[in-house]
A.B. asks: 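My structure is below; once you've seen it, I'll send some questions.
Just so we're clear, the structure is a prediction, and the values are computed from it rather than from any experiment.
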Amino acid sequence: MSGIGGGVATYALLMAVAAGAKVTVTSRSEAKRHEALRLGAFQALDSHADWSLQNDLDPVDLILDSLGQSMFPKYFDIIRPGGRIVMYSASSGDDLAVPIRSIFFPQVSLIGTSMGSREEFIQMLQWVEKHDIHPVIDGIYPLQDTAKAFERMEKGEQFGNLAILVE
């Protein structure tokens with residue numbers, strides 16, 4: 001899962017660990033990689049490292065991608081044949097150079113998603129409740145400090161969700 005530290009990626013980490021998955025995360029921040037390992041991640045990779053040179057990497061079955069173009073080419077260094085790349089955001093840009101042979105020879109699937117149905121949302125909430133999963137809160141900001149919270153998010157400094165307190 002790319003970009004650990006964001007709210008969706010962090011929640012996905014917690015859900016995958018609760019489901020018994022061996023989760024690999026990426027981040028350019030060493031502190032975020034350590035925090036992900038503390039929360040149960042199996043591997044935490046430096047986004048800037050050359051993964052093709054790392055012999056100790058376990059191949060992955062599923063990549064949950066929130067970044068888009070900045071990380072996409074690297075996924076083919078770690079995805080297992082028959083694996084899936086699920087894209088739900090494009091925070092680093094929309095345009096991709098797709099390595100066609102890296103998709104059809106190992107039979108990798110590219111899947112786009114945004115949200116599920118109302119029924120799936122209810123099922124997800126029930127599952128989260130059953131497994132007692134709670135969001136990681138990076139910080140709670142009073143309404144008048146919303147700009148500070150946004151600035152922290154824009155710089156990519158947060159680990160988890162940023163909350164705005166409206167009184």
A.B. asks: Counting only heavy atoms not in I140, do more than 12 fall under 6.0 Å of its CD1?
C.D. replies: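 Not buried by this count: 12 neighbours or fewer within 6.0 Å.
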A.B. asks: I'd like to check I78 versus P59 (side-chain heavy atoms, cut-off strictly below 4.5 Å). Are they in contact?
C.D. replies: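 In short, these two side chains do not touch, never coming nearer than 4.5 Å.
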A.B. asks: How far does CD1 of I63 sit from OG of S109, to the nearest 0.5 angstrom?
C.D. replies: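 Atom-to-atom, I63:CD1 and S109:OG are 12.0 Å apart.
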A.B. asks: Taking NZ, NE, NH1 and NH2 as the nitrogens, is one of them in R38 or E35 under 4.0 Å from a carboxylate oxygen of the other?
C.D. replies: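 Result for this pair is yes, salt bridge flagged.
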A.B. asks: Are D50 and K74 within salt-bridge range, i.e. N to O under 4.0 Å?
C.D. replies: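 No, this pair does not count.
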A.B. asks: Is it true that atom CZ of R84 has more than 12 heavy atoms of other residues, nucleotides or ligands lying nearer than 6.0 Å?
C.D. replies: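 No, CZ of R84 has 12 or fewer neighbouring heavy atoms, counting only those of other groups under 6.0 Å.
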A.B. asks: If you group Ile, Leu, Val, Met, Phe, Trp and Tyr by side-chain heavy-atom gaps below 4.5 Å, do L125 and I122 land in one group?
C.D. replies: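 In one cluster with L125: I122, no.
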A.B. asks: Got a sec, which residues hit side-chain hydrogen bond (donor to acceptor under 3.5 Å, both in side chains) with W51, two or more places apart in sequence or on another chain?
C.D. replies: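 Applying side-chain hydrogen bond (donor to acceptor under 3.5 Å, both in side chains) to W51 gives none.
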A.B. asks: Could you report the tightest heavy-atom contact between H48 and D46, atom names first, then the distance?
C.D. replies: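 For H48 versus D46, the nearest heavy atoms are N-OD1, 2.8 Å.
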A.B. asks: Compare every heavy atom of A44 with every heavy atom of L37, then report the nearest pair and how far apart it is.
C.D. replies: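 Minimum heavy-atom separation between L37 and A44: CG-CB, 3.9 Å.
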A.B. asks: Could you tell me the separation between the CD1 atom of I85 and the CD1 atom of I79, rounded to the nearest 0.5 Å?
C.D. replies: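 One gets 4.0 Å once the value is rounded to the nearest 0.5 Å.
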A.B. asks: Check the pair M15, M124 against side-chain contact (heavy atoms from CB on, under 4.5 Å), reporting the backbone distance first and the verdict last.
C.D. replies: CA-CA 10 Å; M15 293 173 74; M124 183 268 307; 3.7 Å; yes
A.B. asks: Go through the steps for V60 and L62 under the test side-chain contact (heavy atoms from CB on, under 4.5 Å), then give the verdict.
C.D. replies: CA-CA 6 Å; V60 300; L62 172 69; over 6 Å; no
A.B. asks: Flag yes if M115 and F121 sit in one hydrophobic cluster, no otherwise; membership is Ile, Leu, Val, Met, Phe, Trp, Tyr, and two members link when side-chain heavy atoms are under 4.5 Å apart.
C.D. replies: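 Different clusters: M115 never reaches F121 through Ile, Leu, Val, Met, Phe, Trp or Tyr contacts under 4.5 Å.
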A.B. asks: Please say which of N161, V136, D138 ends up in a side-chain contact (heavy atoms from CB on, under 4.5 Å) with T10.
C.D. replies: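 Result for side-chain contact (heavy atoms from CB on, under 4.5 Å) with T10: V136.
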A.B. asks: Report, as yes or no, whether the 6.0 Å neighbourhood of atom CZ on R80 holds more than 12 heavy atoms from other residues, nucleotides or ligands.
C.D. replies: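 Above 12, so yes.
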A.B. asks: Can you check whether E151 reaches K148 side chain to side chain, under 4.5 Å on heavy atoms?
C.D. replies: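 When only atoms from C-beta onward are counted, K148 and E151 do not touch, as no gap falls below 4.5 Å.
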A.B. asks: Who else is in the cluster with F150 when I, L, V, M, F, W and Y are joined by side-chain contacts under 4.5 Å?
C.D. replies: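 Hydrophobic cluster check, F150: joined to Y141, L143, M153, L162, I164, V166.
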A.B. asks: For a quick test of reading the model, state the closest non-hydrogen atom pair linking S27 to S29 and the distance between them.
C.D. replies: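 Minimum heavy-atom contact is OG-N, 3.0 Å.
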A.B. asks: Does V23 belong to the same Ile/Leu/Val/Met/Phe/Trp/Tyr cluster as W127, with side-chain heavy atoms less than 4.5 Å apart forming each link?
C.D. replies: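 Yes, it is one cluster - the side chains of V23 and W127 are joined through contacts under 4.5 Å.
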A.B. asks: With sequence neighbours excluded, tell me which residues meet side chain to side chain contact (heavy atoms under 4.5 Å, CB included) with P142.
C.D. replies: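 Residues passing side chain to side chain contact (heavy atoms under 4.5 Å, CB included) with P142: Q144, D145.
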A.B. asks: Tell me, do L13 and L39 make a side-chain contact under 4.5 Å, heavy atoms counted?
C.D. replies: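 Yes, their side chains come closer than 4.5 Å.
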A.B. asks: Could you tell me which residues satisfy side chain to side chain contact (heavy atoms under 4.5 Å, CB included) with D58, sequence neighbours excluded, listed by chain and number?
C.D. replies: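 Once residues adjacent in sequence are excluded, the partners of D58 under the side chain to side chain contact (heavy atoms under 4.5 Å, CB included) criterion are K22, F42, Q43.
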A.B. asks: Shared ILVMFWY cluster between F104 and L110, side chains joined below 4.5 angstrom?
C.D. replies: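 Yes, because F104 and L110 connect within a single hydrophobic cluster, where side-chain heavy atoms sit under 4.5 Å apart.
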A.B. asks: Testing the basics here: between A36 and I4, what is the closest heavy-atom pair and its distance to 0.1 Å?
C.D. replies: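 Smallest interatomic distance, heavy atoms only, reads CB-CG1, 3.9 Å.
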A.B. asks: Which residues pass the ring pair (Phe, Tyr, Trp, His ring centres under 6.0 Å) test with F159, not counting sequence neighbours?
C.D. replies: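 Ring pair (Phe, Tyr, Trp, His ring centres under 6.0 Å) check on F159 returns nothing, list empty.
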A.B. asks: What's the separation between atom NZ in K32 and atom CD in Q158, rounded to the nearest 0.5 Å?
C.D. replies: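 If we round to the nearest 0.5 Å, K32:NZ and Q158:CD are 5.0 Å apart.
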A.B. asks: Would D65 and V86 satisfy side-chain contact (heavy atoms from CB on, under 4.5 Å), going step by step from the backbone distance to the final call?
C.D. replies: CA-CA 6 Å; D65 176 44; V86 178; over 6 Å; no
A.B. asks: Assess whether side-chain contact (heavy atoms from CB on, under 4.5 Å) is satisfied between L57 and L45, documenting all intermediate values.
C.D. replies: CA-CA 9 Å; L57 290 182; L45 307 178; 3.2 Å; yes
A.B. asks: How close do I133 and A18 get, heavy atom to heavy atom, and via which atoms?
C.D. replies: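 Closest approach of I133 to A18, heavy atoms only: CD1-CB, 3.7 Å.
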A.B. asks: Considering only residues two or more places apart or on different chains, which pairs with a residue in residues 60-89 satisfy ring-ring contact (aromatic ring centres under 6.0 Å, His included)?
C.D. replies: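 Residue pairs passing ring-ring contact (aromatic ring centres under 6.0 Å, His included), neighbours aside: F72-F76.
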A.B. asks: Might you point out which heavy atoms bring G3 and L67 nearest each other, and give the distance in Å?
C.D. replies: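 Taking every non-hydrogen atom into account, N-CD1, 4.1 Å.
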